[in-house]
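Have a look at the structure below before the remarks.
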2 protein chains.
Amino acid sequence: MDAVDESAPRFDAFAASCPSRRLLDTIGDKWASLAVVALGLGGRMRYSELSARIEGVSQKMLTQTLRKLERDGLLTRTVTPSVPVRVDYELTPLGLTLLEPICHLKEWAEAHMAEVDRARDEYDREKLQT
Amino acid sequence: MDAVDESAPRFDAFAASCPSRRLLDTIGDKWASLAVVALGLGGRMRYSELSARIEGVSQKMLTQTLRKLERDGLLTRTVTPSVPVRVDYELTPLGLTLLEPICHLKEWAEAHMAEVDRARDEYDREKLQT
DNA sequence: CGGGATCCCTACGGATACTG
DNA sequence: CAGTATCCGTAGGGATCCCG
């Protein structure tokens with residue numbers, strides 16, 4: 001390794017202290033990123049809307065995920081004490097900024113996932129021939 | 001399920017069948033993304049180099065992760081049958097394309113992680129006052 | 001409606017020991 | 001050196017019941 005410019009925020013994801021590690025704890029969570037994207041596309045959404053939109057998520061996981069994202073300041077939780085309670089979730093400005101990099105990943109997935117699938121098939125076929 | 005237009009690659013991360021879900025299985029894995037980044041910065045690397053670079057990873061997880069990435073066609077594994085075996089890992093062209101969107105996330109983390117931390121502190125303080 | 005609390009099971013992942 | 005195999009604890013996460 002050659003000299004590292006300290007003014008450039010180098011990617012020390014390898015050190016356990018790097019923010020990158022904790023970023024993975026946030027968006028690396030399957031449901032968390034889906035929730036962010038859902039709110040990014042849908043704007044303000046109710047709990048039941050999110051639940052319906054994100055197929056396969058249990059209410060335990062959804063609640064847990066939303067709490068986590070609220071704690072991280074990525075979304076707001078608004079309770080309207082009507083007759084049946086109404087709760088709305090919405091991305092904060094900070095949450096909206098996360099939407100962009102996530103969409104880059106989305107585009108990568110859409111563009112290259114077919115290649116990944118082909119690679120998998122090939123790999124699996126080779127291994128089965130053993 | 002209603003009719004699905006197969007030509008339009010819309011972002012159905014919410015449908016369990018969408019590539020986005022499987023993308024999360026790949027880069028959502030803590031060690032996988034770190035390995036990709038390590039190889040992105042370091043080029044061709046040996047197993048021991050990766051092990052040293054990615055702090056805190058067990059050899060079980062590292063091996064498992066590398067196999068997964070190899071299977072997905074993101075990196076190549078080259079065995080040199082010398083006296084002690086030498087194994088090198090290197091990103092494929094496909095793996096290199098993944099590096100870009102991951103770096104966008106990295107930049108987001110470095111730019112906003114402080115805000116996240118502040119939000120957390122505030123959230124925790126409010127909750128403890130209950 | 002939007003959760004909180006509980007039970008329970010599994011698979012993720014670390015530590016250790018062995019091999020080509 | 002670069003793994004594979006095994007054991008084993010723990011936490012992730014589903015199902016269920018209940019509450020404001």
Side-chain angles (χ1 to χ4, degrees), chain A residues 13-14 16 21-22 24-35 38-39 42 44-72 75-90 123 126-128 130, chain B residues 14 16 21-22 24-35 38-39 42 44-72 75-90 123-124 126-128 130:
Chain A
F14 315 111
R21 288 269 174 120
R22 258 171 323 106
L24 290 178
D25 290 343
T26 301
I27 67 110
D29 179 39
K30 184 181 184 174
W31 306 121
S33 46
L34 288 177
L39 289 171
R44 164 173 291 229
M45 295 177 74
R46 303 184 58 173
Y47 180 89
S48 48
E49 291 180 290
L50 283 168
S51 181
R53 194 71 175 281
I54 305 175
E55 292 178 31
V57 68
S58 66
Q59 56 67 276
K60 177 184 175 179
M61 278 303 99
L62 183 55
T63 301
Q64 184 175 302
T65 298
L66 291 171
R67 286 289 178 287
K68 208 168 133 186
L69 293 175
E70 185 194 4
R71 188 169 99 105
D72 286 354
L75 56 79
T76 57
R77 177 172 178 269
T78 313
V79 181
T80 308
S82 42
V83 186
V85 184
R86 177 197 176 99
V87 181
D88 290 281
Y89 293 91
E90 190 171 21
Y123 183 91
E126 287 174 9
K127 291 302 165 184
L128 281 174
T130 314
Chain B
F14 315 110
R21 288 266 174 121
R22 258 169 325 104
L24 291 177
D25 290 342
T26 301
I27 67 109
D29 179 38
K30 185 180 184 173
W31 305 120
S33 46
L34 288 178
L39 289 170
R44 165 173 290 229
M45 295 177 74
R46 303 185 58 172
Y47 180 89
S48 50
E49 290 180 290
L50 283 167
S51 181
R53 193 72 176 280
I54 305 175
E55 292 178 30
V57 69
S58 66
Q59 52 68 280
K60 176 185 177 179
M61 279 302 99
L62 183 54
T63 300
Q64 184 175 302
T65 298
L66 293 171
R67 287 288 179 285
K68 206 169 134 186
L69 293 174
E70 185 195 3
R71 187 168 101 104
D72 286 353
L75 56 80
T76 59
R77 177 172 178 268
T78 311
V79 181
T80 307
S82 43
V83 186
V85 184
R86 176 197 176 98
V87 181
D88 289 281
Y89 294 91
E90 190 171 20
Y123 183 92
D124 291 346
E126 287 174 7
K127 292 302 165 184
L128 281 174
T130 312

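Each chain gets a letter, A, B and so on, in the order the sequences are listed, and its residues count up from 1.
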Using the side chain to side chain contact (heavy atoms under 4.5 Å, CB included) criterion, which residues pair with A:Val79? Sequence neighbours excluded. A:Arg77, A:Val85, A:Val87
Nearest whole angstrom, please: distance from the C1' of C:dG14 to the CD of B:Glu55. 17 Å
Protein heavy-atom contacts under 4.0 Å, written 5' to 3' over nucleotides 5-10 of chain C as B (base), S (sugar-phosphate only) or - (none), form the string ------
From the set C:dG13, D:dA2, C:dG2, return the single nucleotide nearest to any side-chain atom of A:Tyr47. C:dG2
Quick one, A:Thr76 and A:Tyr89 - any side-chain contact, counting heavy atoms below 4.5 Å? no
Once you round it to whole Å, what is the distance between P of C:dT16 and CE of B:Met61? 16 Å
Identify, with sequence neighbours excluded, every residue that meets salt bridge (charged side-chain N to carboxylate O under 4.0 Å, His left out) alongside A:Arg71. B:Asp124
May I have the distance from B:Leu66 (atom CG) to D:dT4 (atom P), rounded to whole angstrom? 10 Å
Indicate whether OP1 or OP2 belonging to D:dC1 is found under 4.0 Å from a side-chain N or O atom of B:Arg46. no
Holding to salt bridge (charged side-chain N to carboxylate O under 4.0 Å, His left out), I want the full list of residues that pass it with A:Glu90, two or more places apart in sequence or in another chain. A:Arg44
Could I get the full list of salt bridge (charged side-chain N to carboxylate O under 4.0 Å, His left out) partners for B:Arg22, not counting sequence neighbours? A:Asp117
Could you list the residues that satisfy side chain to side chain donor-acceptor pair (under 3.5 Å) with B:Thr65, not counting sequence neighbours? none
Over how many whole Å does the gap from B:Tyr89 atom OH to D:dC1 atom P extend? 15 Å
Please report the distance, rounded to the nearest Å, between CZ in A:Arg86 and C1' in C:dG3. 16 Å
When you measure from the side-chain N and O atoms of B:Ser48 to the phosphate of D:dA2, is any distance below 4.0 Å, counting only OP1 and OP2? yes
Restricting to side chain to side chain donor-acceptor pair (under 3.5 Å), what partner residues turn up for A:Arg67, sequence neighbours left out? none
Could you state the atom-to-atom distance from CD of A:Gln64 to P of D:dA11 in whole Å? 13 Å
Round to a whole Å and report the spacing from CZ of B:Arg77 to C1' of D:dT4. 11 Å
Note down the inter-axis angle between the two ends of the helix from C:dC1-D:dG20 to C:dG20-D:dC1, five pairs each, to the nearest 10°. 50°
Which residues satisfy the side chain to side chain donor-acceptor pair (under 3.5 Å) test with B:Asp88, sequence neighbours excluded? B:Arg86
Check: A:Thr80 side chain, A:Ser82 main-chain N or O, donor-acceptor pair, under 3.5 Å: no
Atom-pair distance (CG on A:Leu50; P on C:dG2), nearest Å: 10 Å
Quick one: which protein N/O atoms are closer than 3.5 Å to N/O atoms of nucleotides 18-20 of chain D? Pair and distance per line, please.
none

B:Met61 backbone acceptor or donor facing B:Gln64 side chain under 3.5 Å: no
If you check every side-chain atom of B:Val87, which of D:dT4, C:dG4, D:dA2 has the closest atom? D:dA2
By side chain to side chain contact (heavy atoms under 4.5 Å, CB included) - contacts of B:Lys30 (at least two apart): A:Arg21, A:Leu24
As a test of reading the structure: which of C:dG13, D:dG14, C:dC1 is closest to the side chain of A:Trp31, going by heavy atoms? D:dG14
A:Thr63: side chain to side chain donor-acceptor pair (under 3.5 Å) partners, not counting sequence neighbours: A:Tyr47
